[in-house]
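One structure below.
Start at 1 and go down the list; that is how both ligands and their atoms are numbered. All values reported here derive from a predicted model rather than from experimental measurement.
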Amino acid sequence: MTSDLIVRNATLPDGRTRVSILARKGRIAEIGTVPQIAGAREIDAKGYLVSPPFVDAHFHMDATLSLGQPRMNVTGTLLEGIALWGELKPRLTHAAVIERALRYCDLAVSQGLLAIRTHVDVCDDRLLCVEALLEVRQKVKPYIDLQIVAFPQDGYFRSASAAKNLKRALVLGVDVVGGIPHFERTMEEGAASVKALCEIAAKRGLMVDMHCDETDDPLSRHVETLASETQRLGLNGRVVGSHLTSMHSMDNYYVSKLLPLMAEAGLHATPNPLINITIQGRHDTYPKRRGMTRVPELRAQGINVSFGHDCVLDPWYSLGQGDMLEVANMGVHVAQMTSREAMRWCFDAVTVNPAKAMQLEGYGLEKGCHADFVVLQAKDPVEAIRLKPARLYVVRRGEVIAETPERVTRLHLEDRPKTVNTADYAPKI
Ligand code: FE2
């Protein structure tokens, strides 16, 4: 039996300080004041931020860590990325996909990222990636909540066997229904794919998470169909529109009508700042569009918005390290969400908001929630986004599953302090 764990002198994301947290039998048994308990392990958080774990609501674990296989993406576009992935697919092996995915999960744990929704390509008759990621989901269950989305990468109608394979994947145990309407042959087929996929989800009682309008084309309006199908089928609160980059380029009047429809349908939105800023706008000269969806406006409408990582070292993105604070940091910049309040919200966009979109049970820093949290070497959420600091302790179900030493630099300068801890530079606002 594992012993109790007590974290003392924690600062919480809501600003509370000098808080103690008691983890018992995998749950938060107390948060606030905790007496001494014989035999309990104690951690001194030293006034640093203790946050619920990071959550990534949008990722591609079948492709991660495959950068350079079989070649690099020269144009940097989404379409060359898809073509490149198509070249790699026949060469994939079950063992190699599992190995890359598990290595990524190790990295995720080291960053305090303990829940991931990954898409898995079902446009391969072998369903090799599906079977591999189902195995990975089982294997990492003690430390990562992994949700898998059946993703018809080459188009639900455009790829001959996608419809059949998507159903096979759901039978095998994939959790969520995906789609890619902007990649179908025509607007009509795109809209039809949204309808067909939402119907499958409704029939099976599943959630939906669609790559939707990941393009600079202002006339790519599949999110409208996604919202109306969500309403028609009573899927409210269970559907995510991912990317939604075309909204960046849409006509303002049209968006003023679209946002309330999305809110009415309880749609969640998951833009992916690192990828959207990198991949979109590639057909532009100058001025060059940012290609990220309208985050402040979605938020103002009451729509639940999360920031996803999407890619790490794969055909679409040659950087990344599983750090959701890097994602939030880019979100702050691209969406120009620079007020203190907006930056605090960007921290939510990589913690509580994606947990809501993924319907994670027992998530949060409240009594009765899972004892899952991260001690960060920063004093508050804004500082965490600024510094992307060390994850001093990563705790899952009341057990420390990763530790990183406090990052302190020794200075060899005369008449100056002997050490620098970047966390000490927090502004006094
Ligand atoms: Fe994606």
Side-chain angles (χ1 to χ4, degrees), residues 55-67 73 76-86 88-89 100-101 104 108 113 116-123 129-130 133 146-156 159 162 166 174-184 190 193-194 197 207-216 220 222-223 226 239-248 268-280 282 291-293 305-320 322 324 327 330-331 334 349-350 354 357-358:
V55 180
D56 183 0
H58 190 110
F59 196 63
H60 294 264
M61 204 172 273
D62 49 2
T64 195
L65 308 184
S66 71
L67 183 70
N73 182 338
T77 59
L78 174 74
L79 297 181
E80 185 175 345
I82 294 175
L84 215 166
W85 172 241
L88 177 58
K89 259 194 271 188
R100 284 193 281 102
Y104 184 77
L113 169 55
I116 301 172
R117 173 178 278 183
T118 179
H119 294 254
V120 62
D121 188 355
V122 297
C123 293
C129 291
V130 172
L133 289 194
L146 187 61
Q147 275 184 6
I148 309 178
V149 186
F151 175 45
Q153 171 77 77
D154 299 329
Y156 183 67
S159 162
L166 184 130
V174 167
D175 309 278
V176 183
V177 178
I180 185 165
H182 54 277
F183 195 67
E184 304 292 348
S193 76
V194 173
L197 289 159
M207 293 186 277
V208 174
D209 192 328
M210 234 171 252
H211 283 68
C212 196
D213 304 322
E214 190 183 0
T215 157
D216 294 314
S220 187
H222 296 297
V223 62
L226 188 62
V239 177
V240 176
S242 280
H243 292 293
L244 306 175
T245 51
S246 71
M247 199 187 292
H248 184 92
H268 304 269
T270 305
N272 299 283
L274 291 166
I275 307 311
N276 298 153
I277 193 67
T278 311
I279 283 185
Q280 301 304 315
R282 292 276 177 163
M292 189 157 94
T293 196
V305 184
S306 314
F307 289 152
H309 205 319
D310 201 5
C311 302
V312 170
L313 299 169
D314 72 7
W316 296 273
Y317 189 57
S318 60
L319 299 169
M324 295 309 293
V327 174
M330 181 56 82
V334 183
V350 291
M358 289 171 64

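Among the backbone and side-chain atoms of H60, an N, O or S atom lies under 2.8 Å from the Fe ion (ligand 1). Among the backbone and side-chain atoms of H119, none of the N, O or S atoms lies under 2.8 Å from the Fe ion (ligand 1).
Side-chain contact check for H60 and D310: at least one donor-acceptor pair (N or O, by modelled atom type) lies under 3.5 Å. Judged by distance alone, the side chains of S242 and H58 do bring a donor and an acceptor atom under 3.5 Å apart.
The CE atom of M61 sits 6.0 Å away from the CZ atom of F59 when rounded to the nearest 0.5 Å.
For H211 and H119, the distance between ring centers is under 6.0 angstrom.
Nearest N/O/S atom of D310 relative to the Fe ion (ligand 1): this is OD1.
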